[in-house]
Number of protein chains: 2
Amino acid sequence: MAEDSTILIVDDEAAIRDVVGITLDLAGFDTIKAANARDAHVSIIDQKPDLVLLDWMLPGGSGIELARRLRRDEVTSNIPIIMLSAKASEDNKVQGLNEGVDDYVTKPFSPRELVARIKTVLRRVNAKQRDSHESVLQVFDLELDPTSHRVTIKDKLVDMGPTEFRLLKFFLQNQEKVFNRDQILNLVWGANVYLEERTIDVHIRRLRKALSKVSGTSINYAKLIQTVRTAGYRFSIRST
Amino acid sequence: MAEDSTILIVDDEAAIRDVVGITLDLAGFDTIKAANARDAHVSIIDQKPDLVLLDWMLPGGSGIELARRLRRDEVTSNIPIIMLSAKASEDNKVQGLNEGVDDYVTKPFSPRELVARIKTVLRRVNAKQRDSHESVLQVFDLELDPTSHRVTIKDKLVDMGPTEFRLLKFFLQNQEKVFNRDQILNLVWGANVYLEERTIDVHIRRLRKALSKVSGTSINYAKLIQTVRTAGYRFSIRST
DNA sequence: CAAATATGTGACAATAATGTTACCGGGGAG
DNA sequence: CTCCCCGGTAACATTATTGTCACATATTTG
């Protein structure tokens, strides 16, 4: 699984920036670098990294200051921070945790450890957000259960690929509304992908086929996914 | 027997923290340190120590306060607490025990005594959990008995490692729900481990293999552990 | 009706995700 | 101390899925 998370590295030593940067690049992260607190602040507002690696010992004590500021600011307060420090001082550590820093890595560190800690922090943060129970989406006898990650029609399992699952979920959440292919690409695949628009047609096809395979139903669920010529697709329980 | 328990030391005096820390490290415990109640709280949430060593006399009476808070909080209420105190006042002791503190050690204390008391408390707590009858989990002819730490299929013993046992127990307690690898790491291994996600796949494999080895059953129990591509794993009695 | 445009459909190769095996190192038991 | 078990990881094998193309079919336009 690719780590598409973006990490901001803040350190005044170019050497450290490079080493850390290469390490994280290899681990599959996107990286941004900043040499001082001011640049870092700009970058954070600009790029919204998923995590900040912050040198404790920035000139003028600006490292800890930045951490404090990030915590206070509404926009950045939930971006996890990992502190880098030249030496393992318990006092630093305690103070850091006090400022809401999420973890603490002392230099010198192994690339392994650094990557591991980053992953752990990201995991912890994500886990917190992910505990919310999503409810079952349903239309007539069709049910999509995000929790068990299953689609059933009259309790019979519907077999489909991951993309079709996401697509169906999207349609169930946005019925009666037409989406053009651009929108579907953005909303189901996410921004920052470049794909042929026709790709969508193929997945629509696959989804329809999956829904059709289920026997013993009076309703043709594939028909609920309607083609709106020149405009896109629409999921609707009303006939065309 | 190895003490892999983690002890959180809360004391405002660095000297005490160090002495106690070294003592416990030598005794084979993992230690975390905190200087004040606030740090301690963060650490507890974060690291889930197995026991808290808490100085009674934290500035502002925050020691006793922290103890109270930990007892009230659902998540921390079953973490045992040992109080450290400068002098043995019967009043303090009574009050402490009132707050649900598990034991009481007066400074100065010998390393021997401290370690002994910690072990005693941990043993007591573990015993309590052992006695509290966790019910046998079962699915068809498969039974997992948390008390005897055994898994059987049709009364035939299923041989598996400790990790596989915990994994199976987790799945039996959370059926029909998909968990991604992040979640499984958090919920089965704990929040503070740095592991490759692929490690899970290997343990899944080992668990499936263990379940398959049992002969003379119409049901393939290994199949109950289902792979949900791109989403994780799911334990389910329904066919995929 | 023919041309032009849009969507449906099946096949295919590249890729990503998972299954599987083997190895290494640490730690307890003897 | 050595042996053995176990957990974690890397390396390789296998499988499912993805995106794209080429062509078929349908709809619109003039």
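Numbered from 1 within each chain, the chains take letters A, B, ... in sequence-line order.
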For A:Phe165, which contact category applies under a 4.0 Å heavy-atom criterion: base, sugar-phosphate, or nothing? nothing
Take the protein atom CD1 of B:Ile225 and the nucleotide atom C1' of C:dT18, then report the distance between them rounded to whole Å. 15 Å
Quick note, B:Pro162 side chain, CB onward, closest among D:dT17, D:dG19, D:dG7 is D:dG7
Of all the choices, D:dG7, C:dC12, C:dA17, which nucleotide is nearest to the side chain of B:Thr230 once you look at every atom? C:dA17
Checking A:Leu187 against A:Asn174 for the side-chain contact (heavy atoms from CB on, under 4.5 Å) test, could you report, in this order, the C-alpha distance in whole Å, the side-chain angles of both residues, the deciding distance, and whether it holds? CA-CA 11 Å; A:Leu187 296 169; A:Asn174 300 51; 5.6 Å; no
A:Arg166 vs B:Arg166, nearer the 5' end of DNA chain D by closest nucleotide: B:Arg166
Using whole Å, report how far NZ of B:Lys209 lies from P of C:dA22. 8 Å
Does D:dT20 have OP1 or OP2 under 4.0 Å away from a side-chain N or O of A:Thr199? yes
Ranking B:Val228 and B:Val202 by the position along DNA chain C of their nearest nucleotide, the one closer to 5' is B:Val228
Whole angstrom value for the distance that separates P of C:dT7 from CD of A:Glu196: 14 Å
Would you please say whether a donor-acceptor pair under 3.5 Å links the side chains of B:Arg117 and B:Thr120? no
What is the nucleic acid contact for A:Val193, judged by heavy atoms within less than 4.0 Å: base, sugar-phosphate only, or nothing? nothing
Whether the side chain of A:Arg229 and the base of C:dT7 hold a donor-acceptor pair under 3.5 Å is what I'd like checked. no
Whole angstrom value for the distance that separates P of D:dA24 from CZ of A:Arg198: 14 Å
Could you state the CG-P distance from B:Asp201 to C:dA22, rounded to the nearest angstrom? 18 Å
Taking NZ, NE, NH1 and NH2 as the nitrogens, is one of them in A:Asp18 or A:Lys33 under 4.0 Å from a carboxylate oxygen of the other? yes
To the nearest Å, give me how far apart CG (B:Leu207) and P (D:dG7) are. 12 Å
Side-chain donor/acceptor of A:Arg206 to base of C:dG8, under 3.5 Å: no
Whole-Å distance between D:dA10 P and B:Glu197 CD? 13 Å
Criterion side chain to side chain contact (heavy atoms under 4.5 Å, CB included) against B:Tyr233, the qualifying member of B:Val178, B:Leu207, B:Asp201, B:Asn180: B:Asp201
Closer than 4.0 angstrom, basic N to acidic O: yes or no for B:Arg238 and B:Glu176? no
Would you kindly give the CE-to-P distance between B:Met160 and D:dG7, to the nearest whole Å? 12 Å
